[in-house]
Amino acid sequence: MSFYKTSQEILTERLRAALESMDLSPDFALITMTADPRFGDYQTNAAMVAAKHHKKNPREIAAQLVAHLNVADCSERPEIAGAGFINFRLQKTFLEKKIDELHRDPRLGIPKTPQPQTIIIDFSSPNIAKTMHVGHIRSTILGESLARIARFLGHQVITDNHLGDWGTQFGKVIYGFKHLLNKESLEKNSIQELVRLYREVNDLEEKDPRLKVSVREELVKLQKGDEENLDIWKKVVALSWQEFEKLYHVLDVSFDERLGESFYNNALEPLVKRLLAKSIAQKSEGAVAIFFPHHPTLEEKPFLIQKTDGGFLYATTDIATLEYREQRWHPDAVWYVCGAPQQLHFEQLFAVACKLGLTSDFRHIAFGSILGEDRKMMKTRSGENIELGSLLQEAIDRALKIVNERNPDSSDEEKRKIATTIGLGALKYSDLMQHRMTDVIFSWDKMLSFQGNTAPYLQNAYVRIRSIFRKEGLEQEERKFSSPILITEEAERRLVLQLLQFGEIIPSILVDARPNILCLALYELANKFHYFYEHCPILKSEESIKESRLALASVTASMLKQGLHLLGIQVPEKM
RNA sequence: GCGCUCGUAGCUCAGGGGAUAGAGCAGGGGAUUUCUAAUCCCUUGGUCGCAGGUUCAAAUCCUGCCGAGCGCACCA
């Protein structure tokens with residue numbers, strides 16, 4: 001357990017002390033990074049806020065605050081500027097001390113949360129007997145990244161893949177399985193064959209509506225536990241999961257649980273009965289619904305939990321899931337990483353949770369859509385969803401083409417490995433770097449362009465560092481440097497400051513589930529490293545400077561690797 | 001009709017009470033006997049959709065309007 005304190009924490013403590021000694025509320029002590037280096041490294045508006053509160057002159061309060069501030073060990077003399085800002089510029093020796101602490105810290109100066117929580121993250125959730133497509137990518141990548149970040153910060157995280165493994169589609173699939181199956185095709189490409197069956201039954205139904213009766217019978221038989229249909233169902237689930245697992249493996253994504261909808265099957269009927277008995281739900285037009293008469297926006301939006309024909313719905317399963325998770329894990333928070341179009345559903349679901357007396361912090365981590373360059377939902381030419389598998393393959397293929405041009409000397413094996421790291425990294429990063437609510441306009445050229453805020457740009461910074469160490473014959477031991485890091489150039493100062501700020505930035509990601517904050521920080525880190533790299537020779541420098549710069553490069557590499565890891569992105573050794 | 005989300009540079013996006021609104025791409029100009037130029041430096045470009053309001057301070061919060069997308073009873 002490290003007792004590492006960030007610069008922000010130290011300044012905040014000092015500011016609180018100063019405020020208290022002036023009989024002002026320490027709650028005014030808010031320290032932020034400056035937007036512009038001209039104003040120093042950190043700033044506070046405390047004087048303005050306090051002045052407002054006590055109807056005094058902000059610049060006078062600022063002057064008094066500065067007089068009471070004890071920061072001689074970390075900051076240059078604080079400066080008062082503008083309407084009453086107090087600006088801090090950290091001392092060189094302080095920065096050197098902090099970066100040395102960070103260098104020795106296995107957590108790279110990123111503190112664990114003081115209040116660890118149990119957090120369930122529900123993400124990805126594809127449908128069985130269908131292919132995963134672009135629509136699943138944001139949930140999968142965002143969810144995985146949030147899970148990694150929350151875990152790293154010390155939370156207990158349970159990831160759950162809530163598979164769509166039960167539902168009306170199985171009537172069609174089972175009917176097709178019995179009458180139209182191509183066994184060879186099932187072995188070769190199981191999901192494709194299952195999708196084909198589903199579509200063919202769909203088409204046949206349209207031509208001959210009488211077929212619907214038979215399809216419906218298969219579904220009912222399955223729901224009643226018919227052995228043959230249950231076997232087919234199990235087989236379909238297993239085959240689908242196999243295919244999903246391949247994709248998750250490629251994506252480097254894993255789950256603690258995969259409790260699909262079928263898991264809650266037996267809970268649904270008693271659940272609806274119970275909700276009716278408690279008058280939380282009511283019969284309505286032959287169906288069963290939950291109403292929210294006192295809710296400002298939901299009063300005209302019923303939440304349906306049982307159909308007229310007795311069947312249950314998505315909502316029913318979700319309520320059962322809510323209760324199951326509560327009983328088993330007693331979570332402090334439950335995060336649903338699911339697209340923005342489903343906001344109403346979650347608003348209703350959480351309102352039900354409230355009626356049931358569940359008090360976890362339920363959050364719908366919503367995100368925008370992935371659009372084509374025409375700004376319409378991304379589809380293939382024939383109007384179908386783009387399969388995730390082919391998307392991943394294309395990312396790798398496109399990267400391979402570039403790697404072939406840049407590294408003609410590497411072995412094919414090595415090139416493929418590099419291309420995989422770069423291609424998938426680019427794809428994931430292009431998704432995570434944007435604010436999650438903004439629609440992504442999908443562009444291969446942009447994400448793989450290697451310029452600007454892209455994964456390859458970050459990976460390249462890492463590769464440059466590794467190359468230096470290779471040249472020195474220190475390939476594996478980059479962290480063994482314990483020589484002090486000296487700040488002799490502005491480029492070094494900027495880089496050090498950026499490195500130190502990760503301890504402040506990373507915990508803030510979870511406030512609103514926004515890994516794009518981390519992306520931006522990593523981009524700035526890479527940018528500052530490149531600047532340092534151009535301006536400060538390392539290997540050619542005189543011994544103590546060389547050791548210092550090697551150490552600085554080493555910490556930078558560790559931070560890049562760790563930061564990208566938290567995004568679910570890997571780094572290549574060469575590229 | 002009700003609701004949700006979005007509207008910032010030519011394009012793609014950050015910033016979501018704090019100082020003169022920032023990046024990248026595209027456009028213009030420069031740097032390479034290399035520690036990987038997949039890089040770096042300089043530069044052009046903005047009525048933050050519009051109108052009010054709150055505030056010492058608004059791109060940011062509130063209200064209204066305009067525009068786009070999405071969702072609203074038996075799919076998930």
Side-chain angles (χ1 to χ4, degrees), chain A residues 32 34-36 38-39 43 45 48-49 51-52 58 81-85 87 125 127 130 164 167-169 261 284-289 296-315 317-318 338-345 347-348 366 368-369 371 373 375-377 402-403 405-407 422 430 433-435 437-441 443 445-446 448-454 456-457 459-461 463-472 512 516-517 519-520 523-524 526-527 529-541 549-550 553 574-575:
Chain A
T32 56
T34 55
D36 190 315
R38 274 173 309 157
F39 305 132
Q43 68 174 64
N45 309 328
M48 275 133 75
V49 181
K52 163 90 178 149
F85 298 98
N87 296 330
S125 310
N127 287 321
K130 294 185 182 171
T168 43
Q169 79 258 40
E261 292 172 356
S284 172
E285 298 173 30
V288 179
T297 54
L298 295 180
E299 58 181 340
E300 282 167 22
K301 312 263 153 98
F303 198 44
L304 246 57
I305 58 170
Q306 188 168 23
K307 300 194 273 186
T308 313
D309 68 2
F312 303 108
L313 294 133
Y314 175 45
T317 315
D318 270 359
C338 192
Q342 295 193 45
Q343 272 175 143
L344 177 60
H345 170 80
E347 207 184 331
Q348 291 171 320
S369 310
L371 307 178
E373 302 206 45
R375 290 189 158 277
K376 300 214 169 104
M377 293 295 281
I402 300 164
V403 171
E405 285 166 23
R406 306 270 179 186
N407 304 40
I422 293 177
S430 72
M433 61 161 302
Q434 254 177 252
H435 185 117
M437 287 309 293
T438 319
D439 289 344
V440 171
I441 310 241
S443 161
D445 290 341
K446 282 213 170 97
L448 286 160
S449 83
F450 308 102
Q451 274 172 45
N453 195 356
T454 64
Y457 177 83
Q459 289 169 328
N460 182 238
V463 163
R464 280 179 140 185
I465 298 170
R466 299 297 285 147
S467 174
I468 293 169
F469 281 89
R470 241 188 333 271
K471 200 146 226 175
E472 277 290 281
D512 200 26
N516 73 314
I517 298 172
C519 294
L520 190 65
Y523 172 63
E524 279 173 2
N527 189 244
F529 171 75
H530 283 307
Y531 183 82
F532 161 75
Y533 182 90
E534 299 282 338
H535 290 81
C536 302
I538 298 173
L539 298 180
K540 287 176 199 154
S541 298
R549 289 182 178 166
L550 276 170
K574 294 181 188 172
M575 66 193 283

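Each chain gets a letter, A, B and so on, in the order the sequences are listed, and its residues count up from 1.
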Protein-nucleotide distance ([X], atom [atom1]; [N], atom [atom2]), rounded to Å:
X	N	atom1	atom2	value
A/Q348	B/rA76	CD	P	14 Å
A/N127	B/rC75	CG	P	14 Å
A/E373	B/rU12	CD	P	10 Å
A/Q451	B/rG27	CD	P	11 Å

Look at the side chain of [X] against the base of [N] and say whether a donor-acceptor pair falls under 3.5 Å; ignore hydrogens and angles.
X	N	answer
A/T438	B/rC6	no
A/N87	B/rA19	yes
A/Q43	B/rA19	yes
A/N407	B/rA38	yes
A/E285	B/rA73	yes
A/S284	B/rA73	yes

Has A/F39 got its ring stacked on the base of B/rA19, with centres under 5.5 Å and planes less than 30° apart?
yes
Near-parallel close stack of A/F85 and B/rA19 base (under 5.5 Å, under 30°)
yes
Can you see which heavy atom on [X] is nearest to which on [Y], and at what distance?
X	Y	answer
A/F312	A/K307	O-CE, 4.3 Å
A/L313	A/Q306	CD1-N, 3.7 Å
A/L304	A/A315	O-CB, 3.4 Å
A/Q434	A/V440	NE2-CA, 4.0 Å

Approximate separation, where rounding is to 0.5 Å, of A/I422 CD1 and A/L448 CG:
8.5 Å
Pick base, sugar-phosphate or nothing for [X], based on heavy-atom distances below 4.0 Å to the nucleic acid.
X	result
A/D309	nothing
A/K574	base
A/M48	base
A/L304	base
A/D36	nothing
A/L520	sugar-phosphate
A/C519	nothing
A/A366	nothing
A/P456	nothing
A/E300	nothing
A/E524	nothing

Is the phosphate of [N], meaning OP1 or OP2, less than 4.0 Å from a side-chain N or O of [X]?
X	N	answer
A/Y523	B/rC13	no
A/K307	B/rC75	yes
A/K52	B/rC56	yes
A/H435	B/rG15	yes
A/N453	B/rU12	no
A/R38	B/rU20	no

Taking atom [atom1] in both [N] and [M], what distance in whole Å separates the two?
N	M	atom1	value
B/rG52	B/rG46	P	23 Å
B/rG67	B/rA23	C1'	27 Å
B/rA9	B/rC48	C1'	10 Å
B/rG49	B/rC41	P	30 Å
B/rA59	B/rG18	C1'	13 Å
B/rG27	B/rA19	P	32 Å

Check whether the ring centres of A/Y457 and A/Y523 lie less than 6.0 Å apart, and answer yes or no.
yes
Under 3.5 Å: donor-acceptor pair, side chain of [X], backbone of [Y]:
X	Y	value
A/N407	A/M575	yes
A/S443	A/K446	yes
A/Q348	A/K301	yes
A/R549	A/L539	no

Between protein and nucleic acid, restricted to nucleotides 3-5 of chain B and to nitrogen or oxygen atoms under 3.5 Å apart, what atom pairs and distances do you find?
from, atom 1, to, atom 2, distance (Å)
B/rC4, O2', A/Q343, NE2, 2.1

Choose from [options] the nucleotide whose nearest atom is closest to any side-chain atom of [X].
X	options	value
A/P302	B/rC40, B/rA38, B/rA73	B/rA73
A/K446	B/rU12, B/rC40, B/rA76	B/rU12
A/Q434	B/rA76, B/rC13, B/rC70	B/rC13
A/Y457	B/rG18, B/rA38, B/rU39	B/rU39
A/A289	B/rA73, B/rC40, B/rC13	B/rA73

Distance alone, cut at 3.5 Å: any donor-acceptor contact between the side chains of A/Q459 and A/T454?
no
